[in-house]
Structure formats: structure tokens, C-alpha cells
Protein chains: 2
Amino acid sequence: MPTVRDVAERAGVSVATVSFVLNGTKPVTPATRQRVESAVAELGYRRNELARALASRRTRIVALAHPTGEHRFGSSTPDFVTSAGRAARSRGYHLVLWPVDTDGGELRELLGQGLVDGVVLMEVRMEDPRIGVLRTAGTPFALIGRTADPAGLVHVDIDFDRSVAIALDHLQKLGHRDIALVTARSPLPDYGPKVRTRAAYERLCAERGLTPQLYDCDPTAPAGRALVPELVERATAVVLMNEYATFGVLTGLAHAGYVVPRDLSVVAFMSPDMGALADPPLTVLHSPGPDLGRLGVEALIDQLEGTAPTEPALLPYVFEEGRSTARVRA
Amino acid sequence: MPTVRDVAERAGVSVATVSFVLNGTKPVTPATRQRVESAVAELGYRRNELARALASRRTRIVALAHPTGEHRFGSSTPDFVTSAGRAARSRGYHLVLWPVDTDGGELRELLGQGLVDGVVLMEVRMEDPRIGVLRTAGTPFALIGRTADPAGLVHVDIDFDRSVAIALDHLQKLGHRDIALVTARSPLPDYGPKVRTRAAYERLCAERGLTPQLYDCDPTAPAGRALVPELVERATAVVLMNEYATFGVLTGLAHAGYVVPRDLSVVAFMSPDMGALADPPLTVLHSPGPDLGRLGVEALIDQLEGTAPTEPALLPYVFEEGRSTARVRA
DNA sequence: ATGAAAGCGCTAACAA
DNA sequence: TTGTTAGCGCTTTCAT
């Protein structure tokens with residue numbers, strides 16, 4: 001592996017000059033620039049990022065901190081992680097994966113290693129001890145998700161208000177007024193997406209004069225199935241933020257002789273791919289996962305490079321119409 | 001951030017000694033070791049991994065190279081990536097994500113940066129140009145998946161022979177002899193898992209005196225649905241290595257008035273979670289994704305540290321019985 | 001516009 | 001057993 005010295009020698013300049021042309025740090029005569037560039041090309045030189053990091057005190061590595069545990073991600077995570085990786089690469093950064101516990105201990109340990117310039121924090125809790133750790137370490141960070149009070153924190157998240165509004169708009173346009181919401185029981189008492197979705201639903205129902213019907217059930221098919229009698233009794237449409245229960249509801253309906261969307265309109269929070277597995281294909285709201293991953297990384301890097309101050313971005317779930325919703329029956 | 005020098009001063013020893021106790025590189029008196037350790041604790045010292053990497057010529061960073069493109073991963077990828085990350089961490093390594101094109105160009109570029117000690121290559125093709133790139137760069141690597149001729153390459157992969165055998169054993173024990181296999185049409189002509197699964201199926205059918213019935217259809221529900229007439233006509237059981245088509249087959253059967261498993265036994269290659277979405281819950285073979293991720297990383301690190309020579313590991317899909325298979329009808 | 005030289009924080013000969 | 005010191009390959013003042 002050739003080094004800057006090899007390049008410098010070959011080009012007949014000093015290593016400083018080589019560095020200047022490589023980084024565009026200082027003006028250099030076109031002639032010498034040319035010489036350096038040929039030397040680089042001829043030797044197949046590629047700068048050692050590690051040495052650069054050490055000397056410049058900027059590693060150009062960022063971490064994606066995600067919970068270690070068995071807490072299952074939303075199904076959009078793969079796109080999520082790889083899109084974060086792509087975003088980092090396209091800005092010339094590397095993305096390392098940091099599986100860390102939620103109390104911040106492991107995070108503190110890793111930050112001490114000085115390997116990364118900043119951290120993207122996933123699966124942010126309403127009160128998240130990892131944020132204190134990042135603050136005291138003085139490490140720049142961006143959140144995917146947000147705390148109870150995210151003011152002043154660089155973050156990107158789903159716009160739950162808009163998302164619920166989109167679902168309600170769609171159903172109300174079809175004449176529905178008895179619209180239930182089903183969320184997933186979760187081990188985390190203060191899981192942001194759920195808390196915010198329920199709050200948005202209640203607020204919007206109040207604004208629109210609808211009677212809220214809130215259900216919270218285990219993320220399993222049987223739990224969804226158990227809901228069916230009450231749903232068909234009380235609602236004409238249901239919004240399901242609970243992937244597994246959704247399929248339980250569907251089979252429950254089928255077994256009881258009900259037909260979707262004739263007897264119940266269904267909107268589900270899940271990927272269109274997954275919604276397509278149902279019969280009929282479901283009208284879905286799907287997570288803008290890849291966008292969130294990309295935006296989270298970009299917000300962090302903008303911050304690191306002191307570019308734009310990066311407004312917090314809130315993206316709604318993306319609506320995709322299937323055939324599981326229909327005009328309410330007279 | 002304190003440095004080795006601060007620690008050395010505080011402990012009244014040289015930086016070399018500090019390094020020795022930190023790395024266990026050389027014998028040190030219990031007394032001085034003690035002094036160094038207290039100094040470390042008191043100062044909250046944590047070694048700068050970057051500097052260590054540069055000086056020791058070992059970065060303790062490994063890359064997970066995965067295809068950039070829109071090629072959709074098997075659904076087990078999230079576990080996969082995070083388990084790789086965990087495995088790396090538990091050995092004291094960092095894992096960086098490298099989204100790279102399949103022709104190896106970007107990989108070569110990244111290797112030149114000298115950031116990583118080795119690479120875990122995902123989604124390996126039967127003929128994979130990235131392997132040549134890694135070889136000429138002299139970078140150690142491990143494959144997840146394998147080339148057409150994987151002899152001599154460190155790799156872990158699914159044992160397709162065993163997997164198909166498990167499926168056939170199960171169905172034959174239930175009396176089935178007309179067992180179809182459905183794979184997914186793919187843009188990659190030589191997609192290893194598919195090629196190997198089909199080959200295993202044909203070989204095992206021959207050995208067992210069964211008549212092979214091979215289908216290859218698009219990975220969509222409608223494509224699966226279109227298969228139904230022929231399947232019920234010719235087979236009593238089907239093995240589906242095509243997630244989306246599986247659900248098409250199921251709805252197709254339901255719409256035509258057939259009942260699973262009475263009229264057709266179904267074994268699907270998918271996660272149990274996904275299989276549970278179907279009605280009845282499917283008997284599945286699911287990818288040992290997390291194990292593959294972990295083993296791939298471990299095989300690479302073993303190689304880097306010159307530990308065990310690491311035998312190639314072949315793991316079968318994991319069988320999980322649902323209620324979609326039954327004894328063949330008389 | 002270019003060069004000399006002092007580090008970045010650590011490891012690892014080599015000496016003592 | 002411990003210390004001295006020369007790097008690792010690069011960036012970045014500070015001179016010129």
C-alpha cells in the first residue's frame with residue numbers, strides 16, 4: 001500500500017502539498033495538482049482513513065445505536081438499516097452498528113473509544129437514559145423517534161397525527177363514523193409510536209365528533225381474533241396498528257362469515273407487501289422506514305459538518321389503498 | 001479525554017507499561033498492574049481505539065458487505081444484521097455496513113481505505129466477482145452463502161440438501177408421494193439458494209422414487225394463485241420456497257373451496273411469525289438467519305486471530321410444525 | 001503556493 | 001520487569 005510519502009516523492013512535492021490537493025484544503029497550482037493526481041493514479045494510492053481520522057480528529061464514522069434486546073423491530077427495519085448505511089456512504093462516512101442496552105451503559109463504554117463522530121439513536125423511548133450519556137460525552141447525535149419532550153433535539157420521526165388523520169379522512173369519506181383503533185400491547189409502557197398514535201386518535205375523534213373506540217391487544221393472531229365479535233358489533237371500520245392481530249382479525253371475520261370490506265373496513269399499519277398477503281389485499285399505512293434511516297443519518301452528518309441546522313422532520317406513514325375498505329353500508 | 005500518558009504519569013510508570021497491562025502483552029508485577037488499574041479507574045480512562053488501530057495495524061473493525069440494490073433480502077435479514085453486529089461486539093470488534101455493488105468496484109475502493117481487518121460477504125453469487133477483489137486486496141473474508149465451488153473458502157450457508165430432506169421426510173411420513181416444489185422466479189439467474197434447493201429436490205426425488213414436480217413462479221400472490229388448479233390436480237402436498245406466492249396459493253385454494261391441509265398439505269419456507277398469519281398456521285422451514293450472521297462473523301474473526309481453522313458450517317432451515325400438513329387422503 | 005515539522009494516541013521493538 | 005523511543009500514515013500549523 002503506497003502512502004502519502006510515496007505519492008509526494010513521485011510527484012516531487014512535499015507530503016503537505018499532497019494532503020492539500022487530496023482534501024482541497026489549500027489552493028494549489030493547477031500544474032502541481034496535476035502532478036499529484038497522476039502520481040496518485042499511477043500508484044493506485046488510496047488514503048488511509050484511519051490515519052486521517054487520527055490526525056484530523058474526525059473519524060467520519062457514525063454509529064447506529066439500536067437496542068440489543070429481543071424487542072422486535074417494526075418490519076421495516078431492514079430497509080431502515082441499509083438505507084442508513086447507504087446514506088452514510090454517500091456522504092463519505094462509515095456506519096457502524098452498535099447493539100446497546102437501553103440504560104446507556106454500553107453506549108458510554110463505546111463512546112469512550114473515540115471511534116465515532118456521532119450517533120444515530122434508534123427506538124428512542126419517551127424518557128431515554130441514553131440521551132444523557134450522549135450529552136455528557138459531548139457526542140453529537142440525532143434521534144430516530146423522539147422523547148416525550150424533543151424540543152432542541154435533532155430528530156426525525158413519524159408524524160403520528162398526520163398518519164391517523166389520513167386514515168380517518170379516508171374512512172370518513174367513505175361514510176364511516178364508528179371507527180375503532182387497535183394497538184399492540186407492548187412490554188414498554190411508554191412506547192412512543194403507540195402513545196402518540198392513541199393520543200392523536202383521541203384528539204381527532206374529539207375534534208370530529210366521533211366516539212373513540214380504543215383497543216389494545218397482544219401482538220398475536222388469536223388476540224386479534226378474539227376482538228372480532230366486539231368490533232363487528234360496535235364499529236364499521238377498524239384501524240389496526242398491530243400486524244399480527246390484524247391477521248387474526250381477518251381470519252376471525254372469515255370464520256364468522258363476515259366479509260371484508262362489506263361488513264368491516266380495515267386499514268392496517270403494515271408494509272404493502274405484507275398487506276398484499278391478505279385476501280383482499282389490505283389498505284395500508286406503511287412506515288417511511290428507508291426515509292427515516294436516511295434522514296436520521298443526514299441530520300447527524302449535517303450537524304457534524306455544521307451545515308444546515310436541520311429542522312426536525314416528521315413524516316407520516318404512507319397510505320396505500322388496497323381493497324379492504326369500502327363505503328359504509330346504509 | 002485522558003490519554004495513556006496521563007495514566008502513566010498518575011501511576012508513576014511509563015506508557016509502555018500502561019500498554020502492557022491494558023493489553024496483557026507482557027508480564028507486569030501485580031503491584032504495578034494494580035497502580036495502573038487504579039489510575040485508569042480514577043481518570044475514567046478509555047483507550048482510543050483509533051490510535052490503537054493505527055499503531056497495531058489491526059483495526060478490529062470488520063465490514064458486512066451486502067448488495068446495494070433493490071434486491072430484497074429474505075425476511076430474516078434484520079435478525080441477521082443485528083446478530084452479526086452483536087457477534088462482532090462480543091468479540092471486541094466493530095461491524096461496519098458496506099452497501100456495495102455486486103461487481104466489486106465499490107468494494108475495492110473501500111478496502112483501499114484500510115479501515116477494516118476483514119469482510120463478511122453476504123448474498124454470495126455462484127460466481128462472485130467480489131471474491132477476486134478481496135483476494136487481490138489480500139483481505140481476509142468469510143462468506144455467507146457460497147459460490148458454485150466453495151472449496152477452500154471460509155463460509156457458512158444453509159444446508160439445502162438437509163432442508164429439503166426434512167420437508168420430504170415430514171410429508172412422506174404422512175403418506176404423500178406427489179409432492180411439488182415451488183420456487184421464486186428471480187432476476188438473478190444463478191441464485192444459489194434456489195439452484196441448490198431445486199437440485200436437492202431432484203436428487204432426493206430420484207433417490208426416493210418420487211416424481212419431481214417443479215414450478216418456478218413470480219414472487220407475487222397472483223402468481224401463486226394461478227398455480228392452484230395444477231397443484232390440486234397433480235399433487236397432494238406442496239413445498240413453497242416463495243413467500244408471496246404462498247399466500248396466493250392459500251387464497252386460491254380457499255376461493256376454489258379447497259381446504260388446507262385436507263385437500264393439499266403445505267410446507268412453506270418462511271418465518272414462523274409469517275406462517276402464523278395464515279389460516280391454518282403453516283408448517284414452515286425458517287432460515288437460521290441469526291445463526292448465520294453470528295457464525296459468519298465468528299468465522300471471520302477466528303481467521304483474523306488465527307484461532308481454529310473454522311470448518312465451513314452448513315445449517316438446515318429450521319422445521320416448525322403448524323397445522324397445514326396432514327396425512328394424505330386415501 | 002509550497003515545505004518543514006510537530007503531533008494525533010497508541011504499540012512494540014529494543015535496551016536497560 | 002520496566003522504560004525509551006521510533007514509528008503507524010496522515011493533517012495542520014507556521015514559515016518561507
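In what follows, every chain begins at residue 1, and chains take the letters A, B, ... in the order their sequences are listed. Note that the coordinates shown come from a computational prediction; the quantities given were computed from them, not determined experimentally.
Side-chain N or O atoms of B:S38 include one that pairs as donor or acceptor with a backbone N or O of B:Q34 at under 3.5 Å. Here the side chain of B:S19 pairs no donor or acceptor atom with the backbone of B:V15 at under 3.5 angstrom. A donor-acceptor pair under 3.5 Å links the side-chain atoms of A:D103 to the main chain of A:G105, judged by distance alone.
In this model, a donor atom of one side chain and an acceptor atom of the other lie less than 3.5 Å apart for A:T59 and A:D117.
Proximity of residues 28-43 of chain B to DNA chain D (heavy atom under 4.0 angstrom from any strand atom) is restricted to B:V28, B:T29, B:T32.
Considering only side-chain atoms of B:T25, the nucleotide from C:dT2, D:dT1, C:dA12 that sits closest is C:dA12.
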Nucleic acid footprint by protein, nucleotides 5-11 of chain C - heavy-atom cut-off 4.0 Å, B for base, S for sugar-phosphate alone:
--BBBBS
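How far CZ of B:R46 is from OG1 of B:T3: 14.5 Å, rounded to the nearest 0.5 Å. Separation of atoms CD1 (A:I301) and CZ (A:R91) is listed at 5.0 Å; rounding is to 0.5 Å. Taking CD1 of A:I144 as the start and CD of A:E123 as the end, the distance is 9.5 Å to the nearest 0.5 Å.
Applying the 4.0 Å criterion to OP1 and OP2 of D:dT2, one finds that B:T17 has every side-chain N and O outside that range.
In B:E127, the CD atom is not crowded: 12 or fewer heavy atoms of neighbouring residues, nucleotides or ligands sit closer than 6.0 Å.
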